[in-house]
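In what follows, a single structure is set out as structure tokens and then discussed.
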Number of protein chains: 2
Amino acid sequence: MSVEPGRLLRAATDPAWYAMAVRSTDVLLLDHANCEKKAASTALALMFAYPEDFELAARMSRLAREELRHFELVQQRLEEQGVEFRRLSPSRYAEGLRKAVARQEPERRRDLLLCGALIEARSHERFMGLVGRLEAPLADFYASLAASEARHAGLYVRLAARRGEAVDERLESLAAVEAELATAPDPEFRFHSGTPA
Amino acid sequence: MSVEPGRLLRAATDPAWYAMAVRSTDVLLLDHANCEKKAASTALALMFAYPEDFELAARMSRLAREELRHFELVQQRLEEQGVEFRRLSPSRYAEGLRKAVARQEPERRRDLLLCGALIEARSHERFMGLVGRLEAPLADFYASLAASEARHAGLYVRLAARRGEAVDERLESLAAVEAELATAPDPEFRFHSGTPA
């Protein structure tokens, strides 16, 4: 199955989010570093939760290595741009998605993988949107990272559906939750925040 | 500071542990896979706990990537040898060390790094001991992994002492705890278990 990441999303990011991002590159980069760390940590959590699934573990291990490599690159950017470190509260996004995840198996694993796909698809959409709005070298930086987000989105969907499971209906309902979180008015600006309130 | 990992350890692994390891290569490999995952996860936990420390984060991110790569190699070995997966309870080792870690900062960070050094040093010692006792290809496999364990041990000590902190006394006392855990009679065989009871 080939997955075009934009087709997973049920709502486009509002132009107001991009306008805020261009004005807030320090917060954008600081939160982006957090997101790469969290993406690696989520992949590891799947490895710990389903250790008997060797294919999942091998895929998640490689994905986590790639996210960590991206983390290192974002941190280098922070240093090069002289951004002063500060701790940022997480956005409502990941927690909001987590609430929609089924508690019982095997639905839980399916949902965790589909949420992974949606998060990567949203990241890909915003990376691509930032490329046309930011100046170099930051625009080039986001362009260089975008392809792997698209690849990761496809990987997550394939893993969720790999044993012939029907995932379309569930993907549709999780995508609706994701779209609401990514576009409803949000008082806080973060990488995955909603439309600036 | 150059650190010879064997010099960190206060007691050598008992030959009985190696004898058991040679008879129990399935458990050895299964628990080894767990250990590589846990090593990556511990490095990530340090990145989340001290995000303002860019040097620590960059070093831990690279270390985690290396541990994940090792995890992938161990899992490939499990597949090649047709080892049937089973969940293993963790050994007393990591939890025993964790109990000795200071609760307050900055002592906590120092202790976490020194424990990291001791775990890597013990892994290095056992990898090297296994090389001479296992048959190829498993002996070659452990030989190929040993150098990075030594490097990681040195890295952890350097990070603990990098701002001129005096760590020798604390390292001595944590090394005594580690030596007891790694050599006292232990009813359970694991990668970091004590002398088989």
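To find a chain, count down the sequence lines: A is the first, B the second, and so on, and within it residues start at 1.
- No part of B/A33 comes within reach of chain A, as not one of its non-hydrogen atoms sits under 4.5 angstrom from that chain.
- Rounding to the nearest 0.5 Å places CZ of B/R65 at 10.5 Å from CD of A/E66.
- Within a 6.0 Å sphere centred on CD of B/E80, heavy atoms belonging to other residues, nucleotides or ligands number more than 12.
- Around atom CD of B/E105, more than 12 heavy atoms belonging to other residues, nucleotides or ligands sit under 6.0 Å away.
- Counting non-hydrogen atoms of neighbouring residues, nucleotides and ligands closer than 6.0 angstrom, the CZ atom of A/R162 exceeds 12 such neighbours.
- If you tally non-hydrogen atom pairs under 4.5 Å between each of B/A64, B/A58, B/A57, B/A45 and chain A, the highest count goes to B/A57.
- Considering all non-hydrogen atoms of both residues, A/R87 and B/P51 come closest at NH2-CD, 3.4 Å.
- With a threshold of 4.5 angstrom between heavy atoms, A/R86 does not approach chain B through any atom at all.
- Contact record, A/S61 with B/L68: OG-O, 3.2 Å, taken as the closest heavy-atom pair.
- Under the 3.5 Å distance criterion, the side-chain polar atoms of B/E52 are left unmatched by any main-chain donor or acceptor of A/F85.
- Of the listed residues A/K37, A/E67, A/Q75, the one with more heavy-atom pairs under 4.5 angstrom with chain B than any other is A/Q75.
- Counting non-hydrogen atoms of other residues, nucleotides and ligands closer than 6.0 Å to CD of B/E55 gives a total above 12.
- For B/R108, the CZ atom sits in a packed shell: over 12 heavy atoms of surrounding residues, nucleotides or ligands are nearer than 6.0 Å.
- No more than 12 heavy atoms of other residues, nucleotides or ligands lie within 6.0 Å of CZ in A/R59, so this atom counts as exposed by the packing criterion.
- If you measure heavy-atom distances from B/F54 to chain A, the contacts under 4.5 Å come from both the backbone and the side chain.
- The hydrophobic clustering, which links ILVMFWY residues whose side-chain heavy atoms are closer than 4.5 Å, places B/L56 and A/L73 apart.
- Interatomic distance, A/M47 CE to B/K38 NZ, rounded to the nearest 0.5 Å: 13.0 Å.
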